[in-house]
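Beneath this line is the structure, given in structure tokens, with notes to follow.
As the structure is a prediction and not an experimental result, all values here were calculated from the model.
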Amino acid sequence: MRFKVLLVDDEPAALEGMQLWINWPELGFEICGTSSNGAEALEKIGQLQPDLVVTDVRMPGMDGLEMIEAWQKQNTRQVSFAIISGYSEFQYAQKALRFGVTRYLLKPIDEEIAAEELGAIYQELVEEQERQRISRIASYEETVGLLKGWLHPSPGLPRDEGRIAALSSLRKAWNVCLIQPRDSCFAETREQVAAYVGEREAMYLIDLDYSGLDEGLLALVYGFHPGEDGPDGAKWISELERLCRSLGVVASAGQGVTSLQEIPAAFRQAQTAMQHQFYAEGPAGIMEYRNVAALKFHRRYDQTELVDRIIGAIQLLDKGGLEEGLSEAERRFRELYLTPDIVRKFGIHLFYLMMEHLEELPGKAVELQSKYDIPGTVSAVPTLRELMDRIQALGIECIDGLLMDKAQRSQGVIQDINAYIREHYREPLTIKKLAEVFYLHPVYLGQLLQKKNGVSFNEMIHNFRIEEAVGLLRDGSLNNGEIAERVGYANYGQFLKQFEKRLQMSPNEYRNRN
């Protein structure tokens with residue numbers, strides 16, 4: 001940490017000596033300027049804002065002590081002073097003490113003594129800077145608490161009319177900007193907004209941690225001058241909009257008021273504008289109340305058809321139908337311009353209906369409830385587009401889970417069916433009889449066998465029979481007719497046809513070769 005120092009002396013050689021003989025950077029200082037008289041130094045203190053002024057006492061015109069006295073009477077900014085003089089008279093030191101100057105160096109300056117004194121000054125500046133930082137934080141936090149109580153009255157928050165009036169006098173007008181961070185990056189968003197606010201005056205960041213609609217929102221109360229900054233503080237709104245877009249968050253702003261006592265009105269307007277942000281289709285930015293004040297939300301609509309269509313797609317495991325149903329719902333919501341709360345309740349209703357279809361998959365249901373938690377997070381979803389995307393993602397995962405479960409169940413059933421066919425293929429078994437045994441529709445069963453085994457039911461029967469016939473032919477104890485009957489063929493011609501189809505030779509040719 002380095003502090004700025006201004007050197008003041010009417011002797012050019014003395015100024016040059018102070019710059020050359022003292023290692024200022026090593027001691028934690030950087031020279032920001034020099035001056036040859038008190039009047040000029042007084043002006044430069046205001047311009048250069050040094051932390052320390054090292055000044056000669058005896059100078060023509062305004063001397064060093066007069067310059068210190070003038071600065072302390074006319075200005076509020078705190079500056080440390082150290083005086084240098086070739087005279088060690090007690091009256092100078094005594095007068096300097098009255099102005100709070102405790103560091104007094106004699107000419108000619110001794111480098112070691114000067115380094116020791118400047119080291120002590122450096123430590124005093126560090127300690128003072130820390131005290132000021134703590135004081136600023138305390139003052140800022142106190143002001144934030146006051147404004148918070150003014151925006152949203154609560155028994156635990158102060159409402160000091162006098163202090164609000166004094167704070168209000170800092171600017172000609174005031175406004176509120178609300179920012180809605182995303183759940184996944186709330187801390188990062190707040191940190192960057194706080195850094196932005198920390199570099200500006202008459203701007204305060206307030207966490208709206210009340211229960212209800214405002215939970216998770218950040219409020220910026222900022223002062224402005226309408227003539228310079230535009231209506232509602234357009235200059236600051238423009239800056240904040242760039243910040244919001246860089247963070248990917250949405251925000252809203254009220255209309256400027258002429259005093260902080262009226263700031264609750266701007267706050268309510270910003271809340272209303274934030275509701276209209278729900279239907280924004282473009283990139284994240286700031287919704288200004290003046291642009292949406294004439295718009296009205298509607299509250300009536302029949303959700304039955306939309307819900308049935310969307311849940312029907314879940315039941316049919318139809319992802320395309322799900323997407324079409326949600327697109328139609330979004331189109332209607334925009335067309336009707338429904339109150340965001342109603343649309344959010346629609347989303348919550350769909351969430352619970354989707355979870356009902358996962359009752360037989362409790363593990364999947366718990367996973368998706370935790371991942372999406374639409375009832376718990378829907379109030380923080382800033383736009384309709386994002387809400388519908390979230391519902392669609394949940395619906396697709398539901399369908400994927402149900403499809404996987406169906407596939408697993410089918411795999412288990414198919415194993416049982418294949419075992420049954422292997423045990424009964426010698427009998428006059430049909431797809432209809434097999435469907436009755438397993439309580440399945442014959443058409444569905446036929447499709448299932450074809451999909452899982454790669455061959456049809458009839459082909460499976462013939463494969464099993466000819467496989468056994470080959471073994472019996474190798475054994476040689478039965479004739480061809482007996483073998484055909486043994487494996488399940490009542491008609492020898494059918495046996496011969498299926499045998500030749502699979503082995504490209506007759507049973508006799510196979511017998512002779514083996």
Side-chain angles (χ1 to χ4, degrees), residues 46 49 74-78 128-181 189-210 214-215 217-241 243-244 251-274 286 288-290:
Q49 297 191 341
Q74 297 172 16
N75 297 276
T76 57
R77 182 177 178 273
Q78 187 168 342
E128 179 58 29
Q129 188 175 74
E130 180 62 15
R131 281 194 294 272
Q132 290 180 6
R133 186 186 71 83
I134 293 172
S135 177
R136 283 195 303 271
I137 292 174
S139 177
Y140 179 86
E141 293 300 327
E142 192 175 349
T143 301
V144 165
L146 180 66
L147 289 172
K148 190 173 184 178
W150 209 265
L151 291 179
H152 200 289
S154 172
L157 295 173
R159 281 180 63 84
D160 188 324
E161 295 269 359
R163 287 193 58 203
I164 280 288
L167 186 63
S168 181
S169 66
L170 296 176
R171 292 294 185 274
K172 292 182 179 178
W174 294 82
N175 202 358
V176 176
C177 175
L178 295 179
I179 297 175
Q180 185 171 51
T189 299
R190 193 195 183 287
E191 181 180 352
Q192 293 198 41
V193 173
Y196 172 87
V197 171
E199 296 175 354
R200 287 155 181 82
E201 296 180 353
M203 186 175 287
Y204 303 91
L205 174 61
I206 301 168
D207 291 285
L208 297 178
D209 52 2
Y210 322 109
D214 295 328
E215 191 168 3
L217 284 176
L218 301 175
L220 286 184
V221 174
Y222 63 93
F224 63 97
H225 297 293
E228 301 171 17
D229 303 325
D232 306 333
K235 170 188 172 183
W236 299 115
I237 290 175
S238 179
E239 273 197 21
L240 287 166
E241 188 160 54
L243 175 65
C244 289
S252 62
Q255 289 184 278
V257 292
T258 57
S259 71
L260 274 176
Q261 288 90 333
E262 301 168 354
I263 203 67
F267 177 57
R268 289 190 295 271
Q269 290 170 347
Q271 287 177 305
T272 299
M274 182 63 83
I286 294 182
E288 296 182 58
Y289 177 76
R290 66 170 56 250

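The CH2 atom of Trp150 lies 3.5 Å from the CD atom of Glu161; values are rounded to the nearest 0.5 Å. Annotation: the span from Tyr222 atom OH to Arg200 atom CZ amounts to 13.0 Å, rounded to 0.5 Å. Expressed to the nearest 0.5 Å, how far CG of Leu146 lies from CZ of Arg163 amounts to 5.5 Å. Summarising the geometry, atom OH belonging to Tyr289 is positioned 12.0 Å from atom CD belonging to Gln271; distances are rounded to the nearest 0.5 Å. Atom CD of Glu288 sits about 7.5 Å away from atom CD of Glu241, to the nearest 0.5 Å. A distance of 4.5 Å separates CH2 in Trp174 from CG in Leu260, rounded to the nearest 0.5 Å.
Shortest non-hydrogen contact noted between Leu218 and Pro181 is CD1-CG, 3.9 Å. For Pro226 against Ala173, the heavy-atom pair with the smallest separation is CG-CB, 3.8 Å. Contact between Ala270 and Ser252 at its shortest, heavy atoms only, is O-OG, 2.7 Å. When all heavy atoms are compared, the tightest approach of Ala266 to Gln255 is CB-O, 3.5 Å. In terms of heavy atoms, Ala253 sits closest to Ala273 at O-CB, 4.1 Å.
Residue Glu239 places its CD atom among more than 12 non-hydrogen atoms of other residues, nucleotides or ligands, all under 6.0 Å distant.
Tested against Val176, the residues Ile206, Val257, Leu151 include a single side-chain contact (heavy atoms from CB on, under 4.5 Å) partner, Leu151. The one candidate from Leu178, Asn175, Ile179 that meets the side-chain contact (heavy atoms from CB on, under 4.5 Å) condition with Leu220 is Ile179.
For Arg268, the salt bridge (charged side-chain N to carboxylate O under 4.0 Å, His left out) criterion is met by no residue, not counting sequence neighbours.
Under the 4.5 Å side-chain criterion, counting only non-hydrogen atoms from C-beta, Leu170 is not in contact with Glu201. Under the 4.5 Å side-chain criterion, counting only non-hydrogen atoms from C-beta, Leu167 is in contact with Tyr204.
In this structure, the side chain of Ser238 does not engage the main chain of Lys235 through any donor-acceptor pair within 3.5 Å. When atom types are taken as modelled, the side chain of Asp232 and the backbone of Gly256 share a donor-acceptor pair closer than 3.5 angstrom.
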Intermediate values then yes/no, side chain to side chain contact (heavy atoms under 4.5 Å, CB included), Val144 and Leu205: CA-CA 7 Å; Val144 165; Leu205 174 61; over 6 Å; no
